[in-house]
Amino acid sequence: MWQSQLRLPRRSTKLHGPYWQWTAKADGKTINRRLTQREAELYSEWISNDRQARALLAQMRETAAKAAQLILQHDPAGRVDEV
């Protein structure tokens with residue numbers, strides 16, 4: 001019996017990434033987009049900036065709430081002296 005010496009190339013089950021993806025919701029639907037490495041770097045920077053801005057805003061809201069509480073404790077009528 002004759003056997004072929006040719007081998008068919010195997011399909012690799014391994015990905016040849018890295019692959020970067022961006023996922024978001026729009027109008028109730030999930031949107032997926034594959035990104036280039038440069039786009040992924042930009043998105044990463046933007047996401048980091050967004051997190052920092054949100055943390056800063058949370059601190060500002062906390063400070064404002066504490067200030068309001070101190071003002072109202074000092075003057076229960078809520079009057080604020082004008083400068």
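For clarity, every value in this text was computed on a predicted model and none was experimentally measured.
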Shared hydrophobic cluster for W22 and W46 (ILVMFWY, side-chain gaps under 4.5 Å):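 As far as the 4.5 Å side-chain criterion goes, W46 and W22 are connected within one cluster.
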Under 4.5 Å between side-chain heavy atoms, hopping through other hydrophobics if needed: is there a path connecting L42 to I47?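 Per the 4.5 Å side-chain linkage, L42 and I47 are not co-clustered.
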Check whether T63 reaches the backbone of Q59 with its side chain - one donor and one acceptor, N or O, closer than 3.5 Å.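 Yes, the answer is positive, given that a donor and an acceptor are paired below the 3.5 Å cut-off.
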With a 4.5 Å limit on heavy-atom distance, are the side chains of K25 and K29 in contact?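 They are not in contact (no side-chain heavy atoms under 4.5 Å apart), so the answer is no.
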Identify the two heavy atoms, one from R34 and one from E39, that lie closest to each other, and give their separation to 0.1 Å.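 Closest pair (atom of R34, atom of E39, distance): O-OE1, 4.3 Å.
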Where do I31 and A26 come nearest, in terms of heavy atoms and distance?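 Shortest heavy-atom contact: CD1-CB, 3.4 Å.
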Nearest 0.5 Å, what's the [atom1]-[atom2] distance between [X] and [Y]?
| X | Y | atom1 | atom2 | answer |
| --- | --- | --- | --- | --- |
| R54 | D50 | CZ | CG | 4.5 Å |
| L35 | E41 | CG | CD | 11.0 Å |
| E45 | N49 | CD | CG | 5.5 Å |

Could you walk me through whether T30 and T23 pass the side chain to side chain contact (heavy atoms under 4.5 Å, CB included) test, one step at a time? CA-CA 7 Å; T30 303; T23 303; 3.5 Å; yes
